[in-house]
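Here the structure comes first, spelled out in structure tokens, and everything after it is commentary.
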Amino acid sequence: MEPEAPARFAGSAKTFRRAFQDLVRALRARELWGQLAWQDIKQRYRRSTIGPLWITVGMGVTALALGVVNSALFGTSIATLLPSITTGLILWNFINGCIVEGSETFIVNEGLIKQLPAPITTYAFRTVWRQTLYFAHNMVVYVVVLLVFFGSVDHPYKVIDHPDAPVHPGLGWPILLAIPAFVLIMLNGTWVVLLFGVVATRFRDVPPVIQSFITMLFYATPIMWSMDQVIAMNANSGPGSWGVTVLKFNPIYHFVEILRAPLIGQMQSWVHWVVAGGVTVVGWALALLVLRNYRSRISYWV
């Protein structure tokens, strides 16, 4: 008869079961992280006259400014370009928040982690839910832009007036795909916060590196400009032109497309969903591995 395993191995904290339990317990504590996220927003706009509506105003002004400048510089129609820029900026604001603020999630929650007996994943959910509330506020800008330029995107249209630019089908029932698309983006935002948050807590040089890298990533993603412009510029080089190919290696581009395309009636390729799904699986595998190995050490690192 084989001897029984030592108790220290039986009670090891480094198990995937413990990691999943942490996730489940954090999900059940939704009132806690939901209230904490809302408190973050209220605290940020404390004593402000219009409060969180400044989120909407700021997004609206930024989108309008970029739309006007881009339209003037490249001779594109603001009626078709502004909806694209607006939805891209709204989504980028969410992604940027999950990456940048997510890398400091456990650092800024040092006091709570040391005093509150809550699952460590609770603080990741807090960050993602806060970004979701920002996203909801910013969607007001999308609704306003859509109402103003609805006549330009409710039928087949081109973002830019170029013979080689693709023709988009216009708004229709596919707009409902934006719901599962955002759910998928939220899932990815959660693993990003968990993974980057743990690594940045251990290595404090990571957040500044991320902030430097995120700027480059912003300009490499079709937010201020449209992918249609790149396609038209590289039309003579064929569908496999290096400009289009390089941009497709940017994973954030695919996440932007699965949400933006249905919201403004543009064509959407199944490739975007495949890439986004693959990144989700790989990202969560890494996040669970990190959560399994280092979850119990976070309280000592902060």
Side-chain angles (χ1 to χ4, degrees), residues 50 52-99 131-161 165-172 174-186 189 214-215 217-231 247 250 252-268 272 276:
I50 62 176
L53 284 178
W54 277 116
I55 303 171
T56 306
V57 173
M59 177 58 65
V61 171
T62 303
L64 180 62
L66 290 175
V68 170
V69 170
N70 196 308
S71 177
L73 289 177
F74 300 102
T76 55
S77 172
I78 193 171
T80 54
L81 186 62
L82 188 58
S84 177
I85 290 178
T86 301
T87 49
L89 275 176
I90 291 172
L91 182 54
W92 175 260
N93 193 65
F94 178 87
I95 295 173
N96 179 74
C98 288
I99 295 175
Q131 298 306 319
T132 302
L133 293 175
Y134 287 148
F135 180 87
H137 279 87
N138 289 331
M139 284 301 288
V140 175
V141 181
Y142 160 74
V143 173
V144 172
V145 169
L146 192 64
L147 289 174
V148 173
F149 299 109
F150 182 79
S152 300
V153 295
D154 70 332
H155 58 275
Y157 71 97
K158 289 185 176 183
V159 174
I160 59 173
D161 187 16
V167 178
H168 298 289
L171 287 171
I175 195 174
L176 296 177
L177 288 173
I179 298 174
F182 185 66
V183 171
L184 186 63
I185 292 170
M186 284 181 66
I214 203 71
T215 303
L217 199 58
F218 174 75
Y219 290 109
T221 306
I223 303 296
M224 297 189 302
W225 43 273
S226 172
M227 192 67 176
D228 291 9
Q229 294 171 303
V230 179
I231 294 174
L247 288 171
N250 178 2
I252 294 183
Y253 158 66
H254 299 281
F255 284 103
V256 169
E257 286 303 308
I258 64 173
L259 182 65
R260 178 167 60 186
L263 286 176
I264 57 177
Q266 292 189 351
M267 290 187 299
Q268 190 177 64
H272 300 310

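- In this structure, Leu146 and Thr86 have side chains that are not in contact, with every pair of non-hydrogen atoms separated by 4.5 Å or more.
- With a 4.5 Å cut-off on side-chain heavy atoms, Gln268 and Pro174 do not count as touching.
- Judged as a salt bridge (charged side-chain N to carboxylate O under 4.0 Å, His left out), the pairs with a partner in residues 255-264 (not counting sequence neighbours) are, in order, Glu257-Arg260.
- Counting only distance, with no hydrogens or angles, the side chain of Ser152 and the backbone of Thr80 share no donor-acceptor pair below 3.5 Å.
- Applying the ring-ring contact (aromatic ring centres under 6.0 Å, His included) criterion to Tyr134, with sequence neighbours excluded, gives no partner residue.
- Side-chain contact between Tyr142 and Asn138 is absent, with no heavy atoms from C-beta onward closer than 4.5 Å.
- Contacts of Thr221 classified as side chain to side chain donor-acceptor pair (under 3.5 Å), with partners at least two apart in sequence or in another chain: Asn250.
- Pairing each heavy atom of Pro156 with each of Val167, the nearest pair is CB-CG1, 4.1 Å.
- Here the closest heavy-atom approach between residue Pro262 and residue Ala178 is recorded as CG-N, 3.9 Å.
- Shortest non-hydrogen contact noted between Ile85 and Gly67 is CD1-CA, 3.7 Å.
- With rounding to the nearest 0.5 Å, the separation of CD1 in Ile175 from CG in Leu263 is 5.5 Å.
- With rounding to the nearest 0.5 angstrom, the CE atom of Met267 is 9.0 Å from the NE2 atom of His272.
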Please set out all donor-acceptor pairs under 3.5 angstrom arising from side-chain atoms of residues 87-95, sequence neighbours excluded.
from	atom 1	to	atom 2	distance (Å)
Thr87	OG1	Pro83	O	2.9
Thr87	OG1	Ser84	O	3.1

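- In terms of heavy-atom proximity, Leu133 sits nearest to His137 at O-ND1, 2.8 Å.
- Residues passing the ring-ring contact (aromatic ring centres under 6.0 Å, His included) test with His168, sequence neighbours excluded: Tyr157.
- Checking each of Val141, Val143, Val148 against Val145 for a side-chain contact (heavy atoms from CB on, under 4.5 Å) leaves exactly one that passes, namely Val141.
- For Val68, the side-chain contact (heavy atoms from CB on, under 4.5 Å) criterion is met by Leu64, Ile78, not counting sequence neighbours.
- Relative orientation of the Phe182 and Phe135 rings is parallel, given thresholds of 30° and 60° on the angle between their planes.
- Side-chain contact between Ile223 and Phe218 is present, with heavy atoms from C-beta onward closer than 4.5 Å.
- Counting all heavy atoms, side chain and backbone alike, Met224 lies closest to Asn70 at O-ND2, 2.5 Å.
- Pairing each heavy atom of Met186 with each of Thr132, the nearest pair is CE-OG1, 3.6 Å.
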